[in-house]
Amino acid sequence: MTLTETKKKFMDKVSTKEGLISALAFDQRGALKKMMAQYQTTEPTVAQMEELKQLVAEELTPYASAILLDPEFGLPAAQARAKNCGLLLAYEKTGYDTSSTSRLPDCLDTWSVKRLQEAGADAIKFLLYYDVDGDPQVNLQKQAYIERLGAECQAAELPFFLEILSYDEKLADNTSLEFAKVKPRKVIEAMKLFSAERFSVDVLKVEVPVNMNFVAGFGKEPSAYTKEEARKYFQMQDAATELPYIYLSAGVSAKLFQDTLVFAKEAGAEFNGVLCGRATWAGVVSVYIKQGQKAAREWLQTVGRENIASLDKVLTKTATSWK
């Protein structure tokens, strides 16, 4: 990461004073609609999505170094965030084309880095699905795409957070034992690739290198790795990049995510923080739909606040300053 004075100022805005990134992710759009649709018979409205994001921002950003939002439904929430909470804005369209295995990236049609900056962004986040063993021509397209985005962020002197989600073009289920076995290579090799200077990435937002549900003693049987094997994968991941990197929660429970951070620290991983979403706020969705705004606010002030406070406590003991 090459830090200009301007870029450092923005990195400081999204970090704690100690240099940890303790960020709340709520840029879900398609996924949030699906979550809300489980509890009502009608299509979730724009107003509902905006209001829920705003509630989360009001109640939880006092305890986060930054919040990640989308410019489609999240701008009212961006305005409602705590004064000392930085803002990351997502640049990618939600979801991906399910008609093929390529999962090509796509920016939001009416946004640019310049426009996101004008909307208040302190940093830009882009999500990329990547299979290191996938079609070489598809991967070449993805690499060129990220080079363009990196150059755009560099011109604006805004930090570029690249979120990499690994997958396998031949496997449909990322939660399977079969994928768990190939996941370490997929995650680690993608990190190595996009750490190259040509992509102008400043922070990598990544998955942990194993599926913790398949680590012996942590979850399901049969396991995919022993604890010692899992530790080695965390060490290999740490060695894969010199860039700051942060973990995403990938929709796991708050408890499992916190246990994972402790495991990562014990393995020797010097990660620099988290961008944690559903592990913090997922439980509020049903409360909001079934019981309304007041009950949702109460849930956020109690359960949500406890989720984020306990995560922050774990983070201060496990994460390493990017400074």
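Owing to the predicted nature of the structure, the values given are computational and were not obtained by experimental measurement.
Residue pairs satisfying the ring-ring contact (aromatic ring centres under 6.0 Å, His included) criterion with at least one member in residues 245-264, sequence neighbours excluded, are listed as follows: F218-F263, F234-F263, Y245-Y247, Y247-F271. Among residue pairs with one or both ends in residues 181-190, those qualifying as side-chain hydrogen bond (donor to acceptor under 3.5 Å, both in side chains) are D131-K186, D133-R185, D133-K186, D168-K186, E189-K192; sequence neighbours excluded. The ring-ring contact (aromatic ring centres under 6.0 Å, His included) analysis of residues 104-130, with sequence neighbours excluded, yields the pairs Y96-Y129, F126-Y145, Y130-F194. Within the structure, the ring-ring contact (aromatic ring centres under 6.0 Å, His included) test picks out no pair touching residues 293-313 (sequence neighbours left out). Under the ring-ring contact (aromatic ring centres under 6.0 Å, His included) criterion, no residue pair touches residues 146-184, with sequence neighbours excluded. A side-chain hydrogen bond (donor to acceptor under 3.5 Å, both in side chains) check over residues 73-89, counting only residues at least two apart or in different chains, returns nothing.
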What pairs of donor and acceptor atoms, side-chain ones from residues 26-35 against any protein atom, are under 3.5 angstrom apart with sequence neighbours left out?
residue	atom	partner	partner atom	Å
D27	OD2	K125	NZ	2.8
R29	NE	D27	O	3.0
R29	NH1	E72	OE1	2.7
R29	NH1	E92	O	2.8
R29	NH2	E92	O	3.3
R29	NH2	E92	OE2	3.2

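Residues passing the salt bridge (Lys or Arg N to Asp or Glu O under 4.0 Å) test with R231, sequence neighbours excluded: E228. Legend: residues meeting salt bridge (Lys or Arg N to Asp or Glu O under 4.0 Å) with E266, ordered by chain and number and at least two apart, are absent. By the side-chain contact (heavy atoms from CB on, under 4.5 Å) test, A172 is found to be paired with no residue, residues two or more places apart in sequence or in another chain being considered. Applying the salt bridge (Lys or Arg N to Asp or Glu O under 4.0 Å) test to K294 and every residue at least two apart in sequence or in another chain returns E298. Partners of D135 by salt bridge (Lys or Arg N to Asp or Glu O under 4.0 Å), not counting sequence neighbours: none found.
Put simply, L204 and F10 are part of the same group of oily side chains (I, L, V, M, F, W, Y) that touch within less than 4.5 Å, one to the next.
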